[in-house]
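Notes follow the structure.
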Amino acid sequence: MADRIVSAVKSFFPDPDPAHTLPAAEPEIDHGTLFTAKDPPANKKLNALMPHVRFRTSSGDKIYFKDNGDAQARYDIVKWYFLNSRNKKSIKVGSFDGSKSDGKLFVNDSANLWGPYFSEEPCKPGFRKAKVEGAPSCCYTCVLCADGEMSNITDAQSCMKCSKYEKSNTGRTSCILRDINYLSYEDHLGFTLSSISVILSVTCAVILGIFIKYRETPIVRANNRYLSCLLLISLMLCFLCTLLFIGRPTQICCLFQQVTFGIVFTISVSSLLAKTLTVIIAFNATKPGSKLKKYVGTQLAIILVIVCSLVDIVISAVWLASNPPFPEANTLSDPDYIILLCNEGSVTFFFCIIGYIGTLALLSFIAAFLAKDFPDRFNEAKNITFSMLGFCSVWGAFVPAYLSSKGSRMVAVEIFAILSSSAGLLACIFIPKCYIIFLRPELNTKDPIVRKH
C-alpha cells in the first residue's frame, strides 16, 4: 500500500531539478515528532519523502514542503462587501506568501482597500473620529475639531479644549495664546476719539477765556455769568474724562471712570437747569405782588447745583463702597481675543447714574420749553431747549446701543455718547454768544434803539 502511495506521489510530482534539490545527505528526522504510534508505516514513508520535493510552477512560484509534510502558507486577501440587492462582491486586494523570505505580505495600494464603509486613512491630528449615522458601530468619519479645541494625535477619539486664555491654531493641532485687545491710543478709533476729546476741551478753555474777558458785557452777564463759567468748566471736564476710558484698564482708572463721568455731567445738566429756573424766576418776579423777588440772584442757582451734585456723589459713594468697578479680562465675547475692559461692578448703580442725569436733563428741557417765549433779548431758553432735546436723544439711543455692544465697542459707544452730548451743549449754548460778541457787537448792548435797529 505504501509503495502505491509513493508511486502516486512520484507520478504527480516530476523529478525535482537537481539544482533545486537538497544535498545528497539526508537530514535526520525525528519521526517521533511527526507520527503517532498508530500512524501506518506508509504515512511515515510518505512524510519522510515530502521535504525532498521542491519545484517551480509555470508562473515561477517555488513549491516545497515542510519537514512535517505541510505546504508553505499562501493566501489571497479578499475584500467582501454586500450590495443593496443583497448580492455580495469580492475583490482581491493583496496576498500572503510564506515561502518568501522578505515581502511575505503584499497589499495592492491602488485597490480601494477600506471603502466604502471604512476610512482609507486614519484621522490626522486636528481631527477626531465621529460615528457615521446608520452605519455599523465600527464605521467612523473624521471631523475637524471645533474652534477652541485641538488634537495632536492620530485617530483621536475626542478633541481637547484649550484654556480660556488660548485658542486653537488654524490646523487645530495645538493651542496658542489669544491676542489681547482693548481700546488703546494706538488704535485708529482710540486715537480719533482722544483727539476729538482734546480739541473740544481746548475749545471750552478758549470760550471760557472769552467769557472772562467780556464778563461785563450784557450777553455774558445775562442768565448768570457765574453759571456760564461753571458750565464751561464742567463741559471741559466732560471731554477730558473720556481719556480715562482709553488705554489699558487699571484699578484706578476703573474706579474713576464712571464716578467722574457722573459727577461732571450732573454739574453740567444741573447748571442748565439752574440757568433755566433763573430765567423763569426773574420773569415772574417782575409781576406785581410776586413773592419770587427774594429768590432773584445767583444764590439759589448755586444751591441748586450743589444739591443736585451731592445726590450724585452719594449714589457714587454707595456704589464704590458696595460693589466698585474693577478691571476684567473678557474671554467670551471674541474667540480670538482677550478683551480687557472695566466691569461696572453693579449695572444697577451704573444705570441709576444714567437715569438720574436723564431726569435732570428732562426737567431742564421742560423748564426751558416753558420759558422759551419769555420777552428777553438774551433769553437762553430756546438754546437750552434744543440742547436738551439733543442731549436726551443721544442718551436715549445710548442705552440700547450699549446693551447690544460687546468688548471694546461698549467703551467706544459710551465715549461717543459723552462727546456728542457735551458737544451739543457747547454748540447750542455758547456758539451763539460768541457769534454776537465777535460778529454782531452792536447787539451786545442794553440800548433798545440798537435792538430795534
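Being a predicted model, the structure only gives us computed values, none of them experimental.
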By side chain to side chain donor-acceptor pair (under 3.5 Å), which residues pair with [X], not counting sequence neighbours?
{"X": "Ser163", "result": "Glu166"}
{"X": "Glu414", "result": "Gln258"}
{"X": "Ser234", "result": "Ser268"}
{"X": "Thr250", "result": "none"}

Check ring pair (Phe, Tyr, Trp, His ring centres under 6.0 Å) between [X] and all other residues, then give those that pass, not counting sequence neighbours.
{"X": "Phe430", "result": "Phe211"}
{"X": "Phe265", "result": "Phe261, Phe391, Trp395"}
{"X": "Phe350", "result": "Tyr402"}

Can you tell me which residue among Leu237, Thr242, Leu244 is in a side-chain contact (heavy atoms from CB on, under 4.5 Å) with Thr260? Leu244
Would you call [X] and [Y] a side-chain contact if the rule is heavy atoms closer than 4.5 Å?
{"X": "Ser151", "Y": "Thr173", "value": "no"}
{"X": "Ile302", "Y": "Ile306", "value": "yes"}
{"X": "Ile431", "Y": "Leu426", "value": "no"}
{"X": "Gln251", "Y": "Pro327", "value": "yes"}

Has the side chain of [X] got a donor or acceptor atom that lies under 3.5 Å from a matching backbone atom of [Y]?
{"X": "Arg248", "Y": "Leu340", "result": "no"}
{"X": "Thr154", "Y": "Lys124", "result": "no"}
{"X": "Ser194", "Y": "Phe191", "result": "yes"}
{"X": "Arg128", "Y": "Met160", "result": "no"}
{"X": "Ser422", "Y": "Leu235", "result": "no"}

Quick one: disulfide bond (SG atoms under 2.5 Å apart) pairs with a partner in residues 320-351, sequence neighbours left out? Cys254-Cys342
Which pairs count as side-chain hydrogen bond (donor to acceptor under 3.5 Å, both in side chains) when at least one residue sits in residues 200-211, sequence neighbours excluded? none
Please collect all side-chain hydrogen bond (donor to acceptor under 3.5 Å, both in side chains) contacts where either partner lies in residues 311-330, sequence neighbours excluded, each pair once. Thr266-Asp312, Glu328-Asn343, Asn330-Ser333
Summary of ring pair (Phe, Tyr, Trp, His ring centres under 6.0 Å) pairs that have at least one residue in residues 233-260, sequence neighbours excluded: none
State which residues pass salt bridge (Lys or Arg N to Asp or Glu O under 4.0 Å) with Asp76; sequence neighbours excluded, sorted by chain then number. Lys92
Non-hydrogen atoms of Met388 and Ala361 that approach each other most closely: SD-O, 3.5 Å
Test Leu230 against Val305 for side chain to side chain contact (heavy atoms under 4.5 Å, CB included), laying out the working first. CA-CA 10 Å; Leu230 179 61; Val305 172; 3.9 Å; yes
